Amino acid sequence: MSARDPAGTVLPPAAGDATPALAVAGLVKSYSGRRVLHGIDLEVRRGELVALLGANGSGKSTALRCVAGLTEPDSGTIRLDGADPALLRGARLARARSGAAMVFQQIHLVPRRTALDNVCSGALARLGPAALHPVFFPRALREEAMACLDRVGMADKALERAGRLSGGQQQRVAIARALCQRPTVLLADEPVSALDPSAAEQVMGLLADLAANRGLAVAAVLHQPGLALRHADRVVGLVNGGIAWSEPADRVGHDAVDALYAPEPIEEPA
Ligand SMILES: Nc1ncnc2c1ncn2[C@@H]1O[C@H](COP(=O)(O)OP(=O)(O)OP(=O)(O)O)[C@@H](O)[C@H]1O
């Protein structure tokens, strides 16, 4: 079990804690008989931001969705904090699953509700369906949600309706909502694709900060190699459902990035 601060955020591990927050091995997934993931291996440690790059259809989102439990893999193992959700049932399964929170390009806040109420709903997995309705939000949850908003620099917008916030602000609120789930692993699927360059830099800086200073393990699918190289600790390149390379960000060369997006050679007729 990871150590947490009073607001529930994971703290950096004690020296010597070798269990990766996320360990994926041999992940295989097919849709309608067509294999789209060919045995993915991926580890993300607490304190680390890993960016996944690859062309459209290379399997990045499918890999994240398998980790989040939104898609069932054909085979392979996924361990969250050392536990394999596929082997768990009931409350233990729910606890393991809530260890991985996800944010998306489409932010999916409830626009009529305040930022604070949206963040409180991140506790749904812990508190049950009652957490869906603001009338039932306990005071301690509201305080925790405020701490999460503060962490993403949005405390001053807590009582603003979510629909009135800018795209970048909404994504920050969505990240705060994910934090309110008290995850160890934060999965971000194209978190900045809908944002302007300045907001994208800020949100990526926030994700890097949550990894470096809050001990979260962050895996982010990105379509902007520059953002990946600037903010990630490690970059993983996917090609056709397989991992082509995995390197510390400061060792990734332009050629390796360009190769991910090279068009498939057109086969000449015989
Ligand atoms: N629900 C689904 N049903 C059928 N095929 C799917 C489904 N989801 C994804 N695929 C297919 O799986 C392959 C990998 O898709 P995936 O969305 O994981 O790729 P991606 O790298 O995230 O792409 P993009 O950058 O375009 O979002 C694609 O060929 C896609 O068409």
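Just so you know, ligand 1 is whichever comes first in the structure, and atom 1 is the first atom listed for that ligand. Sequence positions, counted from 1, serve as the residue numbers for this chain. Computed from a predicted model, the values in this text were never measured in an experiment.
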_Contact residues of ligand 1, where a non-hydrogen atom lies under 4.0 Å away_ =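 Within 4.0 Å of ligand 1, the protein residues are Y31, R34, V36, A55, N56, G57, S58, G59, K60, S61, T62, E190, H223.
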
*Between S30 and D74: side-chain donor-acceptor atoms closer than 3.5 Å*: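 Present: a donor and an acceptor within the cut-off.
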
_Residues R234 and S246: side-chain donor-acceptor under 3.5 angstrom_ =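 Judged by distance alone, the side chains do pair up.
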
So, are [X] and [Y] salt-bridged, with charged N and O less than 4.0 Å apart?
{"X": "R182", "Y": "E144", "result": "yes"}
{"X": "E201", "Y": "R230", "result": "yes"}
{"X": "R45", "Y": "E43", "result": "yes"}

*Which pair of non-hydrogen atoms, one from V218 and one from L207, has the smallest distance, and what is that distance?*
CG2-O, 3.9 Å

